[in-house]
K.L.:
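The structure under discussion is supplied below as structure tokens; questions concerning it will follow.
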Amino acid sequence: ALCAIKFIFFPVHPMWQEPLAIPGGDRQSPIDIVVRKSVFDPQLRPLKVQYDPRTCQQIWNNGYSFLVEYDDTTDKSTVKGGPLEDQFRLCQFHFHWGENNAWGSEHSIDRRLFPAELHLVHWNSDKYSLFEEAVIEENGLAVIAVFLKIGKRHEGLQKLVDALPAVRHKDSLVEFTKFDPACLLPENIDDYWTYAGSLTTPPLTEAVTWIVMKRHIEVSHDQLAVFRSLLFTSAEEQVQRSMVNNFRVQQAVKGRTVRSSFT
Ligand SMILES: CCCCNCC(=O)NCCc1ccc(S(N)(=O)=O)cc1
Ligand SMILES: [Zn+2]
């Protein structure tokens with residue numbers, strides 16, 4: 001019975017075999033954010049988010065999550081301010097979620113896991129000209145993370161949920177336009193934690209300034225159930241596998257400081 005209890009309260013469902021050697025490996029993500037160890041930094045400015053729904057292009061299932069991709073050939077959808085010295089362009093957003101509502105997020109707050117986590121991925125367009133260039137540079141990327149909790153239906157998310165059956169299988173893609181990702185941000189984006197980390201899927205490069213929102217958003221049980229109806233596998237494969245538990249195990253903090261924008 002004891003081991004069963006351990007299982008229930010300390011679920012570890014690594015999505016994939018962790019590679020042995022990671023470049024550097026001392027600023028990996030995700031991590032558990034220990035609130036009492038985070039340091040308030042009064043110099044952290046408010047985040048300035050400017051998204052243009054007209055840059056939204058498509059949704060595709062990459063066999064790991066579903067990505068909503070944006071036209072990042074101009075500075076129409078950007079984030080700056082906060083911990084960022086430069087301007088960063090939105091290229092895509094995606095989610096990580098569990099097989100049930102007990103877990104699914106990549107980051108945790110004092111070990112508390114959430115059923116899902118949104119990642120809005122941006123690259124430094126002041127210093128680089130392509131995502132691929134920025135992804136290997138230590139100040140190349142900025143990812144805004146927002147936790148999802150089960151509660152009332154999220155009206156803005158429903159347009160995305162309705163498009164998911166069209167990308168059920170790996171490598172499927174569908175046109176998806178005029179979606180404003182700002183609707184997925186909590187009302188208050190001034191309260192966040194920030195730390196230096198990495199991508200949480202290959203290539204795992206240590207290029208990310210993480211901005212983890214303190215406030216969560218709510219989605220309904222049925223909306224999250226549609227995420228779980230997606231598949232890791234392509235239409236041709238004999239055995240279909242549900243796209244769930246697509247999160248990475250938490251990584252060592254290794255002396256890093258997590259700063260907070262609030263006291
Ligand atoms: C247009 C072709 C692009 C190929 N480029 C390949 C590539 O670098 N992909 C990595 C993309 C990625 C991975 C993990 C995160 S997370 N979970 O840390 O936010 C964010 C973004
Ligand atoms: Zn992610």
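Ligands are counted one by one from 1 in listed order, and the atoms in each one are counted from 1 as well.
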K.L.:
Mind running ring pair (Phe, Tyr, Trp, His ring centres under 6.0 Å) on Phe40 and Trp193 for me, showing each step along the way?
P.N.:
CA-CA 9 Å; Phe40 169 61; Trp193 292 279; over 10 Å; no
K.L.:
Looking only at protein heavy atoms, identify the closest one to atom 15 (C) of ligand 1 and say how far it is in Å.
P.N.:
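Checked against all protein heavy atoms, atom 15 (C) of ligand 1 sits closest to Leu199 CD2, 3.6 Å.
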K.L.:
Could you identify the N, O or S atom of His94 positioned closest to the Zn ion (ligand 2)?
P.N.:
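In His94, the heteroatom (N, O or S) nearest the Zn ion (ligand 2) is NE2.
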K.L.:
Would you mind telling me if ligand 1 is within reach of the side chain of Pro203, the backbone, both or neither, using heavy atoms under 4.0 Å?
P.N.:
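Pro203 to ligand 1: side-chain contact only, backbone stays beyond 4.0 Å.
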K.L.:
Any salt bridge linking Lys127 with Asp86? Criterion: basic side-chain nitrogen under 4.0 Å from a carboxylate oxygen.
P.N.:
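Yes, charged N to carboxylate O under 4.0 Å.
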K.L.:
Which atoms of ligand 1 sit under 4.0 Å from any heavy atom of His96?
P.N.:
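Reading through ligand 1 atom by atom, the close ones are 17 (N).
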K.L.:
Considering just N/O/S atoms, say which atom of His119 is closest to the Zn ion (ligand 2).
P.N.:
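For His119, the N, O or S atom at the smallest distance from the Zn ion (ligand 2) is ND1.
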K.L.:
Tell me which protein heavy atom sits closest to atom 17 (N) of ligand 1, plus the residue, atom name and distance to 0.1 Å.
P.N.:
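Looking only at protein heavy atoms, the one closest to atom 17 (N) of ligand 1 is Thr200 OG1, 2.8 Å.
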K.L.:
Hey, which of Gln250, Glu206, Gln251 is the one that makes side-chain hydrogen bond (donor to acceptor under 3.5 Å, both in side chains) with Gln28?
P.N.:
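Of all the options given, the one that passes is Glu206.
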K.L.:
Can any side-chain N or O of Asn61 pair as donor or acceptor with the backbone N or O of Arg168 at less than 3.5 Å?
P.N.:
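Looks like yes, one N/O pair under 3.5 Å.
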K.L.:
Side chain, backbone, both or neither: which applies to Val121 and ligand 1 if a contact is any heavy-atom pair less than 4.0 Å apart?
P.N.:
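Side chain only.
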K.L.:
Does the pair Thr257 and Tyr195 meet the rule for a side-chain contact (heavy atoms from CB on, under 4.5 Å), with working shown?
P.N.:
CA-CA 7 Å; Thr257 298; Tyr195 77 97; over 6 Å; no
K.L.:
Between the main-chain N or O of Tyr192 and the side-chain N or O of Ser261, is there a donor-acceptor pair closer than 3.5 Å?
P.N.:
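Such a contact is found between Ser261 side chain and Tyr192 backbone.
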K.L.:
For His119 and Glu117, does a side-chain donor sit closer than 3.5 Å to a side-chain acceptor?
P.N.:
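Their side chains do contain a donor-acceptor pair, which is all the 3.5 Å distance test asks for.
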K.L.:
Is the shortest distance from a Lys or Arg side-chain nitrogen in Asp52 or Lys76 to a carboxylate oxygen in the other one below 4.0 Å?
P.N.:
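Between Lys76 and Asp52 there is no salt bridge, as every charged N stays at least 4.0 Å from the carboxylate O atoms.
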K.L.:
Should Gln92 be listed as contacting ligand 1, given a heavy-atom distance under 4.0 Å as the test?
P.N.:
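For ligand 1, residue contact (heavy atoms, under 4.0 Å) with Gln92 is present.
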K.L.:
Give the residue, atom name and distance (to 0.1 Å) of the protein heavy atom nearest atom 8 (O) of ligand 1.
P.N.:
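Nearest neighbour among protein heavy atoms for atom 8 (O) of ligand 1, to 0.1 Å: Phe131 CE2, 3.5 Å.
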K.L.:
Look up atom 6 (C) of ligand 1 and tell me if a protein heavy atom lies less than 4.0 Å from it?
P.N.:
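For atom 6 (C) of ligand 1 the answer is no, since every protein heavy atom stays at 4.0 Å or beyond.
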K.L.:
Relative to ligand 1, is Val135 under 4.0 angstrom through side chain, backbone, both or neither, heavy atoms considered?
P.N.:
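The answer is the side chain of Val135.
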K.L.:
Which residue owns the protein heavy atom closest to atom 4 (C) of ligand 1, what's the atom, and how far is it?
P.N.:
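Heavy-atom neighbour on the protein nearest atom 4 (C) of ligand 1: Glu132 OE2, 3.3 Å.
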K.L.:
Going by the side-chain contact (heavy atoms from CB on, under 4.5 Å) test, name the single residue among Leu185, Leu184, Ile211 that passes it with Leu120.
P.N.:
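Among Leu185, Leu184, Ile211, the one meeting side-chain contact (heavy atoms from CB on, under 4.5 Å) with Leu120 is Leu185.
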K.L.:
Check whether His122 reaches the backbone of Ala142 with its side chain - one donor and one acceptor, N or O, closer than 3.5 Å.
P.N.:
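Flag set: sc His122 to bb Ala142 pair under 3.5 Å.
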K.L.:
Nearest to atom 14 (C) of ligand 1, what protein heavy atom do you find, and at what distance?
P.N.:
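So the nearest neighbour among protein heavy atoms is Thr201 OG1, 3.2 Å.
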K.L.:
If you measure from each heavy atom of Phe247 to ligand 1, is any distance below 4.0 Å?
P.N.:
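Contact absent.
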K.L.:
Using a 4.0 Å heavy-atom cut-off, say whether Phe93 meets ligand 1 through its side chain, its backbone, both or neither.
P.N.:
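No part of Phe93 is near ligand 1 at this cut-off.
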K.L.:
Is there at least one pair of N or O atoms, one from Trp210 and one from ligand 1, spaced under 3.5 Å apart?
P.N.:
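No.
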